[in-house]
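Have a look at the structure below, then the notes.
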Amino acid sequence: MRQNKMLLPTLREVPKDAEIVSHRLLLRAGLARMFAAGMYTYLPLGLRVLRKIEHIVREEMDKSGAQEILGSILQPAELWHTTGRWDDYGPEMMKMKDRHDRDFVLGPTHEELVTTLAKQEVNSYKRLPFNIYQVATKFRDERRPRFGMLRAREFTMKDAYSFHASYESLGETYDLMHKTYTSIFTRLGLNFRPVQADAGTIGGSGRNHEFMVLADIGEDTIAVCTHCDYAANLEKAEARYAAAGVAPTEDAPAYEKLHTPEIKTIDQLVESLNVEANTVIKTLVYLADGEAVAVVLRGDHEVNELKLQKFLGARTLELASHAEIERVTGVPSGFVGPVGLKIPVVIDRDVLGVSAGVAGANERDYHFQNVVAGRDFQTERVGDLRNAVVGDLCPHCEEGTLEFYRGIEVGHIFELGTKYSDSLGATFLNQDGKAQSFIMGCYGIGISRLITAVIEQNNDEKGIIWPMAVAPYQVHVIPVKVKDEEQMRLAEQLYNRLREQGVDVLLDDRDESAGVKFKDSDLIGLPVRVTVGKKAGEGIVEFTVRKTGEAKEVSLEQAYEEIMGLVAGH
RNA sequence: CGGAAUGUAGCGCAGCUUGGUAGCGCGCUCGCCUUGGGAGCGAGAGGUCCAGAGUUCGAAUCUCUGCAUUCCGACCA
């Protein structure tokens, strides 16, 4: 491609609404433009990156034996009513009506559609297992689109769905997809981790893993063991309970009341009573399916609402407001405690290790000290209800502790089981001649999100540093002075020769100053640059690797050989 | 959905307090000059000042309402 007429609008100044590095570079390097929150137009350069990522994903999926289809994005509401997800997904879905006032959905994911397809077209165990996928646009009406393309309302996703006659078969395909995803993200040059996660509204009965690209701007926190390969999303991460830390209750003195006017928060307690936060017993009030329940935690811990919801078996869970707290407990928030509390109480197990704690007295402006779990309040319902914290013991091995990273979720794989086939009545005849629900798995990759992830992990103060595998062009050829016939002739010669060999080359044939060309070249970040300058007459050019900045003067022939070596395999 | 900020030329911003001819830098067009790190000189083009209503002789500026974008949180995956 010649740069002169290309729609490649690089920006010198940073658009003020872009805060994170990848978003700024996306705009500055002329890859895409935003027209409304969470909606982007890919420009030529950005589209090439998207296509290259898609290509790698397709190659690896095809290699795994999966078959590509393309489903309708517009879907009738009935499908979603049948599985109950019209309500479960709720406002996250883009909904619309046609001229007959019938409801439709712009698909946020395609389990309903593909399961229905299988129901209609496959009716024998002899056709199983199979795995079908598509690369398609998805719509989600996000409450808050942000971070550029990281959380968009319209985005490109690869989604795959596998169908099986047995759980063994599902497990095999799940493992294969795990391997396939690992190959894909490795080829993209990403630093990533597969982690255990929550299945969310996709649901499912079996295993599920998220593939996380490590990056500070990631929206998720992941807990990783220092010793073994345990890694989990914080929403899911367990901490091994150190039972040895439980103190004997007999030794503690009886609890007594303290006057603590206007002392409501843990921080205030820690300061005014001169105690450690880990000896404070805090009590939060939640509404689980509308019923009040008190959650008791150590002062330095945070409740994990997913764990709590599962522990309670609740369908909905929300933190009670100050008014509701006072209504159900009779005490203003800040002074609620487990001793003598009237509403049901659940306790995080680490509270059992607090030997003589400080807790709310269920009376305005008073706390108790020397409170002991089991002696002073009931401990019938105890569980792991808190977020793991740095330094917690690994739940998986004997030696490690947990450390935290931020991650961008770029893939998620699920063992679904029969959730969708059951509700949609998607069955096949098994070997015994009986109707059986398909056993399913599903596997997603956020293709457009990967662009953000790649940029986030591959940039410097000058711009993007594309890995060869996804670079929009592999080589940037820059004649410094386009009016110099010698320079242009040499540059064109290299450009044409590389193109004939199938190398993606961008030729900067703009009549711009050298400075402008170099700045743009660094910003766009193609892996290799060949500068044709003053020594063009001698057949000498400069060969530069963007990543290392390493530059050397070589003959045109040497430059060609170096490039062919670097692009080999891509 | 709660909190905060911002909206003026393609991009980045000033002007608003104290109402009176809409400005700067970059980019863009033309000419000259220049071509190894966002050059220089000269001449130009480009604006419903987010929208609507109000106050006023007069509103980018004051008031109200709405919309949009961004950030924090909640939420989602």
I want to verify a distance call: between [options], whose nearest atom is closest to the [X] side chain?
X	options	result
A:R12	B:A77, B:U35, B:C26	B:C26
A:I202	B:C71, B:G36, B:A77	B:A77
A:R153	B:U70, B:A77, B:U69	B:U69

Contact class for [X] vs. all strands (heavy atom < 4.0 Å): base, sugar-phosphate, or nothing?
X	value
A:R24	nothing
A:E409	base
A:R28	base

Protein heavy-atom contacts under 4.0 Å, written 5' to 3' over nucleotides 4-13 of chain B as B (base), S (sugar-phosphate only) or - (none), form the string --S----BSS

Closer than 4.0 Å, any side-chain N/O of A:S513 to the OP1 or OP2 of B:A39?
-> yes

Closer to the 5' end of RNA chain B via nearest nucleotide, is it A:V480 or A:M212?
->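 Comparing both residues, the 5'-ward one is A:V480.
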
For nucleotides B:U61 and B:U8, find the distance between their C1' atoms and express it as a whole number of Å.
->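 About 11 Å, rounded to a whole number of Å.
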
Base of B:C75 paired with side chain of A:R144 (donor-acceptor, under 3.5 Å) | no

Base of B:G38 paired with side chain of A:E512 (donor-acceptor, under 3.5 Å) =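 Donor-acceptor pair under 3.5 Å: no.
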
Distance, rounded to the nearest Å, where A:R146 contributes CZ and B:A77 contributes P =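 From A:R146 CZ to B:A77 P: 14 Å.
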
Aromatic ring pairing A:H209/A:H178, orientation class (parallel under 30°, perpendicular over 60°, tilted between) | perpendicular

State, without any angle test, whether A:D159 and A:Q134 hold a side-chain donor-acceptor pair at a distance under 3.5 Å.
->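 A:Q134 and A:D159 do have a side-chain donor-acceptor pair below 3.5 Å.
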
